[in-house]
Amino acid sequence: MSGKDRTEFQEDLQVFLAEVDEILADTEENLVELEKAPDIGIIQEVFRAMHTIKGGAATLGFQDAVEVTHTMESIMEKVRSGEQELTSDMVDVLFVVLDWLKAWKVSLEEETECPSREEVMNLIKRFASPTDAGRQRSHQEDVEVLPDADRALAEKLDGYLSDGASLYEVKVDLNPEADLLSVRCFQVYTLVSELVDIIASNPSIEDIESDRVGNTVVLYVPGKDGAELARVTAQSVQDVTEVTVAPYRPKVKKPSERTANGAQETVSADKAPKRSSLGRTVRVDVDLLDFLMNMVGELVIDRTRLTQLASRLLVDKSTSVIGNELAALASHLQRTSQELQEGIMRARLLPLKNIFTKFPRMTRDLASRCGKQIDLRIQGEDTELDRTVLEAIDDPLIHILRNAVDHGIENPEERRARGKPEYGTITLSAWHEENQVVIQVKDDGAGMEPEKLKRSAVNKGLITPEDSAKMSDKDALELIFMPGFSTAEVATQVSGRGVGMDVVRTNLERINGNIEVRSRVGLGTSFTLRLPLTLAIMRALLVECSELTYAVPTSSVEEAIALRREEVKTIQGKPALVVRGRIFPLVSLEGALNGDSWTLKDSLQYAVLTRSNDEPLAFGVDDLVGEEEIVLKDMGRMLSRLKGITGATILPDGDPALILDVNRLL
Amino acid sequence: MAKSDTLREEAAKKNDDRQIVAFSLGSETYGVDISQVREIIPIQKIVPVPRAPEFVEGIINLRGKVIPVLDLRKHFGFEKKERDEEQKIVLAESHGESIGVIVDSVSSVLRIQEDSIEPPASVIKGEGVDYIAGICKMNSSLIVLLDLTRIISDAESRSLKEVDLASAVMK
């Protein structure tokens, strides 16, 4: 790390950690696959993953991780080459290594102490020990005599020298008794290569990576300063006993035609493209994105205000010219701000992969604990969602999956008895539907019996036996969303953590999403989550009641119609509308808010048709203001949990207005 | 006796005076430490929030942020008063969120001596009331010193309780 300052190190570390995060998630998935069936392609991927982490860890000086990944790599290598067979024991060890790497990553993030690697190493050594060490020793003698390789190396170096540059030989001696010589060589190579261009080395990096090493590494680097830097760097590596630097003497004679100066330029030109190969992405702080989103929100409000100003100017002949210009300006601003808004929204999107990746492992662990065999199939993991929405659905999905494993899928014996394959299948899929993202968790398990659910609800005192008798099967399924309901007779280790499906539903509704359940006895259960793509900005129908404006998200509005008194029917004294053959119970919006839904004041002129909990429902309002894009604003903790009120927004005229969740208003 | 007096004087000098924002509610004068007050704004359009606890007057738009406003009169159980020009909204901050409190009128910023503050008698405070920071004697009148942050957290927990109760009833 010498030569690097701390901030640079921190930046490198952040990039590395992000990379490790991804790699570990992928590896986890791969291991789950690997456990089902050995696949050489997957083994390759795991091998590469370990290799990448090893490289990064070596560069940043994390010895422990280098050793662990290296040993794991050598196991994978043997499997890859067919020397050893992949056993389930081995996969288990791979999982242990993975968990260690996760803990190690967390310790880096939280700047806590690195987890002990002893246990992991002991486990790994069971597979790696005898041959690995032996192989390292046996190669030791070969290294000094590699005639072909030597000549190739000399030619490479002389070719470099023929360009007139000066080359230095940095000879690094390691303690021959040290364990893991190849790891140390690798560390020397990567650390030095971070700071200095290594023209060549003996043994070559390929040999080092394949464990063909002795106790000496020679690095060829250009320039005296480079050589000095390499010396200091190499000395920082564990088990390095001595580092010597000497100018390299060409072995093959070739007359140099160029001047030293000209050559120097060639070298630096060579170096340039290597250093500037930065990626096409940057990392952006979430707070900054939120800030930008808020600012765009303000812009959207201003744009709406401009449009209204323009329409006021257009009414009067004397100002209509300005009005026209203003209207044109406003519509241009509309296009630009819309694109800006979409751009920022895209920047906030993350693929579902981010939370899906941990599910295969989780399912595997849960299933084995319950003695079940379960195959989790994931589809549509590239579907993108706003990161806030993503965060909000993580826990609900975990809960649903847990339930599917614990209560949904049956034991292998039961499944066999029912003529089902022993392997249960849970399908987790996601797709776009209009302006929503739909996520579905479907299992082919036992399904839920409505009668059983009802009985359980009666026993828990949630409903009366009379309620239960009247209840349809569909309503019975809805019981699982009631607070205090849980079908498990005994709370198991897997589910039964005190949170129920009621919390799941509330959490989803809080972000303008919803959840539906379908179940067929003996065939399985499916949960369907519908989520908004984004949270901050939504389209809403603005309505007025008693001179107050309310915003109703258009996602829950079917249409708004003029309310003709003569068309209002009654059902048992309660008003209802019939629109194209469908019956909409009619309530007053204001009345619903204040606890008196069924009284219809004379001032009501329009009806907003909605689907509340999948049932048609009409809300009577005094006036329709129009459809607008609104920005959801938080009302603070004190008002955060009012039923049927999602939050507030600021209207174009600057007044605050409540955003209503018509699904939960009644 | 004499010794403790001089000690107290010295302490008062060291602490310097305290600055409070004084306002009236009905016939009484109240004060809030100036460090708890972020801003005082004139009464503006307050949009009522149905289903919120009674002492929540509604929400206002403060420079693009939606802020809940409490009616201190209602909170203390005083009688209702018609809106007038004198009334002000005192903005305080609690746990990173702004909350407004309606008061009858803001008289001034006062300097008070630390040693003129007395702890409230437990009879006046009443059970479970911990938002009265002290009573200050000023000339012939009394100023009730309030802890705004306490009032807000008090209101918050009352609000959450009410909402929970309401949803339990609705179920």
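Chain identifiers are assigned alphabetically (A, B, ...) following the order of the sequence lines, protein sequences preceding nucleic acid strands; residue numbering begins at 1 within each chain. In what follows, every heavy atom counts, from backbone to side chain, and hydrogens, waters and symmetry copies are set aside.
- The shortest distance between side-chain heavy atoms of B/Val66 and A/Leu639 does not fall below 4.5 Å.
- Distance check, rounded to the nearest 0.5 Å: CD1 of B/Ile67 to CE of A/Met635 gives 13.0 Å.
- Taking 4.5 Å as the heavy-atom cut-off, the residues of residues 42-50 of chain B that approach chain A are B/Lys45, B/Val47, B/Pro48, B/Val49, B/Pro50, ordered by number.
- Within the 3.5 Å criterion, the main-chain N or O of A/Asn594 finds no donor-acceptor partner in the side chain of B/Arg51.
- If you measure heavy-atom distances from A/Leu593 to chain B, the contacts under 4.5 Å come from both the backbone and the side chain.
- Interatomic distance, CG of A/Leu651 versus CG of B/Asn61, reported as 9.0 Å (0.5 Å rounding).
- Taking B/Glu118 as the reference, B/Lys137 meet the side chain to side chain donor-acceptor pair (under 3.5 Å) condition, with sequence neighbours excluded.
- Atom CG of A/Asp655 sits about 11.5 Å away from atom CD1 of B/Ile60, to the nearest 0.5 Å.
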